Amino acid sequence: MAYWLLKTEPDEYSIDDLRNEPSGHARWDGIRNYQARNLLRDEVSRGDEVLIYHSQCKPVGVVGCGEVTREAYPDPAQFDPENHYFDPKASPESPRWFCVDIRFKAAFPRTVQLAEIKREPSLADMVLLRQGRLSVQPVREAEWQHILAMAARSQ
DNA sequence: GCCAACGTTGGC
DNA sequence: GCCAACGTTGGC
């Protein structure tokens with residue numbers, strides 16, 4: 001069992017959108033970065049837990065968590081010319097991009113803001129701080145516990 | 001809106 | 001394979 005952090009822009013897709021999915025789960029698609037793709041395709045497993053991170057908003061930070069319900073499969077959007085994420089170099093025989101399914105577990109009572117995370121010395125090695133642009137990133141168990149503890153207490 | 005960091009593209 | 005130019009991400 002592993003832990004991950006997944007980024008999303010809440011204007012596009014938020015923790016509330018995930019919570020309100022009628023089917024109870026969502027396709028985490030549109031990943032178009034090779035490093036993130038490789039993690040998604042090769043490392044992320046069913047049952048892994050994910051932190052949901054809101055970027056490009058105020059405030060940015062971790063807002064909740066979920067669970068992986070389906071391991072990597074080809075992202076259908078890459079084959080659809082009408083789709084924003086269409087990739088003319090991808091084909092069903094040799095897909096280039098992958099996605100997973102996740103389900104909502106919890107929305108935190110408050111946002112664990114990036115600014116707070118930066119202030120915690122024991123979180124200084126989080127990939128979030130080291131490699132800010134990666135949209136799928138591994139989280140260590142100690143980091144996971146720490147973030148959850150921060151979410152549970154008032155700031 | 002600005003800027004830093006990083007990724008991608010394409011000429012050579 | 002290198003490098004410049006350009007594009008994207010994402011915090012502030």
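Per chain, numbering begins at 1; letters A, B, ... match sequence-line order. Remember, predicted model here, so these are calculated numbers, not experimental data.
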A/Q131 versus A/Q35, side-chain donor and acceptor atoms under 3.5 Å: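 Indeed, the side chains of A/Q35 and A/Q131 share at least one donor-acceptor pair under 3.5 Å.
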Side chains of A/H146 and A/S122: donor-acceptor distance under 3.5 Å anywhere?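 Indeed, the side chains of A/H146 and A/S122 share at least one donor-acceptor pair under 3.5 Å.
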Between the side chain of [X] and the main-chain N/O of [Y], is any donor-acceptor distance below 3.5 Å?
X      : Y      : answer
A/T111 : A/Q113 : no
A/R96  : A/Q78  : no
A/Q137 : A/L134 : yes

Consider the side chain of A/Q131, meaning its heavy atoms from C-beta on, and name the nucleotide among B/dG7, C/dG10, C/dC12 that approaches it most closely.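 Among the listed nucleotides, the one closest to the side chain of A/Q131 is B/dG7.
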Length of the [atom1]-[atom2] vector between [X] and [N], whole Å:
X      : N      : atom1 : atom2 : result
A/L128 : C/dG11 : CG    : C1'   : 11 Å
A/N33  : B/dC6  : CG    : C1'   : 10 Å
A/Q56  : C/dG10 : CD    : C1'   : 5 Å
A/L5   : C/dG10 : CG    : C1'   : 14 Å
A/E12  : C/dT8  : CD    : P     : 15 Å
A/L129 : B/dC6  : CG    : P     : 13 Å
A/R133 : B/dT8  : CZ    : C1'   : 10 Å
A/H54  : C/dT9  : NE2   : P     : 17 Å

For a quick test of reading the model: is some side-chain N or O of [X] closer than 4.0 Å to OP1 or OP2 of [N]?
X      : N      : result
A/Y53  : C/dT9  : no
A/K7   : C/dT9  : no
A/K118 : C/dC12 : yes

Check A/A26 against A/Y13 and note the closest heavy-atom contact, atom names and distance.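 The answer is CB-OH, 3.2 Å.
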Before we go on, tell me: are the rings of A/Y34 and A/W97 under 6.0 Å apart, centre to centre?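 That pair passes the under 6.0 Å test.
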Terminal axes of the helix from B/dG1-C/dC12 to B/dC12-C/dG1 (five pairs each): angle between them, nearest 10 degrees: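 The helix from B/dG1-C/dC12 to B/dC12-C/dG1 shows an end-to-end axis angle of 10°.
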